Amino acid sequence: MSNPDINFYFDPVCPFAWMTSKWVRSVMRQRDYAVQWRFISLRLINADVDYDAQFPPEYEAGHTAGLRLLRVAAATRTEFGPSAVGRLYEAYGAHIFDTPPEAVNETDLRERRGTRSFLEPILTEAGVPTSLADALEDTSFDAVIRSETDEALSLTGKDVGTPIIHFQPPTGVAFFGPVISRLPNEDDAVRLWDHVVGLASFPGFAELKRSLREQPQLAAFGVTEGAVGAQEDWHGGSRRLKK
């Protein structure tokens, strides 16, 4: 791929990355943008963190599942090229976030996202072989995932979360976010994008932030289209506990 209009760094288990990606896809359709979907792993970012002490109990299972799914995305890119990653991420998000949750323990639910039984129907939907599920266990892909994670953090600094968007790479600026909880309609999607690009285009702009977030309008959270999710305080860009 020639230089894309943006690089979008995602972890497939991050709901806010998914919501932002849906907005970006709306802009892609209307502006004919080229997007390269690249990897950032919350599990690798938090490799030295004591999950039991610093995160809600289900987070380690979720972040580990995300790393396993990124291995499959890396294998998919190796076999079928960057465009296949976009299709795969779209299928990931539809099954993880746009589907009502199962009535099971939250930790078990998040853990199951990193299993072959969960993944194989998604691979079929994305138009790639189910044999790519072998990559769930293939730690050889962790090197490229770590490299792209480091690449993303080198563009923004380390006190961030997902997604990270790099505008007009390789020389443009990159930011964590934008974090949105509601999906704008087609017209608002472009207007919002233009405002964001306006900020990103100013060389001295560094940050515009609030830690209060609504739960995203996603079926997995029980927040339907048109409804407003409960507000939560995401300390330091995540739900890491303040200890």
Side-chain angles (χ1 to χ4, degrees), residues 1-40 70 73 76-77 80-99 122 125-128 148 151-152 155-156 160-203 205-210 213-221 223-229:
M1 164 184 290
S2 58
N3 285 340
D5 296 290
I6 69 170
N7 285 338
F8 189 107
Y9 295 85
F10 73 94
D11 187 306
V13 300
C14 176
F16 292 101
W18 174 242
M19 180 63 83
T20 300
S21 78
K22 297 209 293 185
W23 163 53
V24 166
R25 289 179 191 274
S26 174
V27 175
M28 286 172 64
R29 290 191 295 270
Q30 298 181 73
R31 290 285 175 84
D32 196 28
Y33 277 169
V35 176
Q36 185 172 97
W37 306 96
R38 296 179 68 78
F39 310 139
I40 182 169
L70 283 174
T76 299
R77 186 171 66 189
F80 298 102
S83 63
V85 176
R87 297 196 307 272
L88 181 60
Y89 181 31
E90 192 166 21
Y92 280 165
H95 284 262
I96 294 172
F97 297 116
D98 291 340
T99 302
I122 294 174
E125 186 175 306
V128 295
E148 292 187 15
E151 174 184 286
L155 296 167
T156 61
V160 295
T162 56
I164 287 174
I165 295 180
H166 188 186
F167 299 84
Q168 296 298 325
T171 58
V173 70
F175 288 103
F176 160 47
V179 174
I180 59 174
S181 294
R182 310 180 197 180
L183 184 64
N185 63 36
E186 294 282 285
D187 291 339
D188 287 342
V190 172
R191 280 195 289 269
L192 178 59
W193 179 260
D194 288 340
H195 290 312
V196 169
V197 170
L199 285 174
S201 299
F202 177 65
F205 178 70
E207 183 176 39
L208 182 66
K209 182 177 181 179
R210 53 182 262 136
R213 303 183 187 179
E214 298 167 359
Q215 283 191 319
Q217 283 180 339
L218 297 170
F221 290 85
V223 184
T224 58
E225 185 177 349
V228 176

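Numbers for residues simply follow the sequence, beginning at 1. Since this is a predicted model, take the numbers as computed values, not measurements.
Judged as a ring pair (Phe, Tyr, Trp, His ring centres under 6.0 Å), and not counting sequence neighbours, the contacts of Trp23 are Trp193. Scored by the side-chain contact (heavy atoms from CB on, under 4.5 Å) test, Val179 finds Phe16, Phe176, Arg213 as partners (sequence neighbours excluded). Residues passing the salt bridge (charged side-chain N to carboxylate O under 4.0 Å, His left out) test with Glu148 are Arg38, Arg77, sequence neighbours excluded.
Between Pro15 and Val13, the closest heavy-atom pair is CD-O, 3.4 Å. Among all heavy-atom pairs drawn from Leu88 and Ala73, the shortest one is CD2-CA, 3.7 Å. Among all heavy-atom pairs drawn from Ala152 and Ile40, the shortest one is CB-CD1, 4.0 Å. When every heavy atom of Ala84 is checked against every heavy atom of Thr76, the shortest pair comes out as CB-CG2, 3.6 Å. Closest non-hydrogen pair, Val85 versus Phe39, comes out as CG1-CE2, 4.0 Å. Counting all heavy atoms, side chain and backbone alike, Arg182 lies closest to Met19 at C-SD, 4.1 Å.
Without hydrogens or angle criteria, Gln36 side chain to Pro82 main chain gives no donor-acceptor distance under 3.5 Å. Under the 3.5 Å distance criterion, the side-chain polar atoms of Gln217 are matched with a main-chain donor or acceptor of Ala227.
Two residues are said to be in side-chain contact when any heavy atoms from C-beta on lie closer than 4.5 Å; Val223 and Pro216 fail this criterion.
Using a 30° and 60° split on the angle between ring planes, Tyr89 and Phe8 fall in the tilted class, from 30° to 60°. The aromatic rings of Trp37 and Phe10 sit perpendicular to each other, their planes meeting at more than 60°, with 30° as the lower class boundary.
Of the inter-residue distances, the one linking Thr171 atom OG1 with Asn3 atom CG reads 8.5 Å to the nearest 0.5 angstrom. Between atom OG1 of residue Thr20 and atom CD1 of residue Ile165 there is a gap of 6.5 Å, rounded to the nearest 0.5 Å. Separating the CZ atom in Phe167 from the CG atom in Asp5 is a distance of 11.5 Å, to the nearest 0.5 Å. Separating the OG atom in Ser26 from the CZ atom in Arg31 is a distance of 10.5 Å, to the nearest 0.5 Å. For the atom pair OH (Tyr9) and OG1 (Thr162), the distance works out to 13.5 Å, reported to the nearest 0.5 Å. Of the inter-residue distances, the one linking Leu218 atom CG with Glu225 atom CD reads 11.0 Å to the nearest 0.5 angstrom.
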task: With side chain to side chain contact (heavy atoms under 4.5 Å, CB included) as the test, would you mind laying out the steps for Ile6 and His166 before giving the verdict?
output: CA-CA 5 Å; Ile6 69 170; His166 188 186; over 6 Å; no
- prompt: Step by step, would you call Val24 with Tyr33 a side chain to side chain contact (heavy atoms under 4.5 Å, CB included)?
  reply: CA-CA 9 Å; Val24 166; Tyr33 277 169; over 6 Å; no
message: Apply side chain to side chain contact (heavy atoms under 4.5 Å, CB included) to residues Phe205 and Val173 and explain how you reach the verdict.
response: CA-CA 10 Å; Phe205 178 70; Val173 70; over 6 Å; no
message: Please evaluate residues Arg87 and Val128 with respect to the criterion side chain to side chain contact (heavy atoms under 4.5 Å, CB included), reporting the C-alpha separation (whole Å), side-chain torsions for both, the decisive distance (0.1 Å), and the verdict.
response: CA-CA 9 Å; Arg87 297 196 307 272; Val128 295; 4.3 Å; yes
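Around atom CD of Glu186, more than 12 heavy atoms belonging to other residues, nucleotides or ligands sit under 6.0 Å away. Annotation for Asn185: atom CG counts as buried by contact number, over 12 foreign heavy atoms lying within 6.0 Å.
Remark: Asp194 does not engage Arg191 in a salt bridge, criterion side-chain N to carboxylate O under 4.0 Å. Note on Lys22 versus Asp98: salt bridge recorded, some NZ/NE/NH1/NH2 to OD/OE distance being below 4.0 Å.
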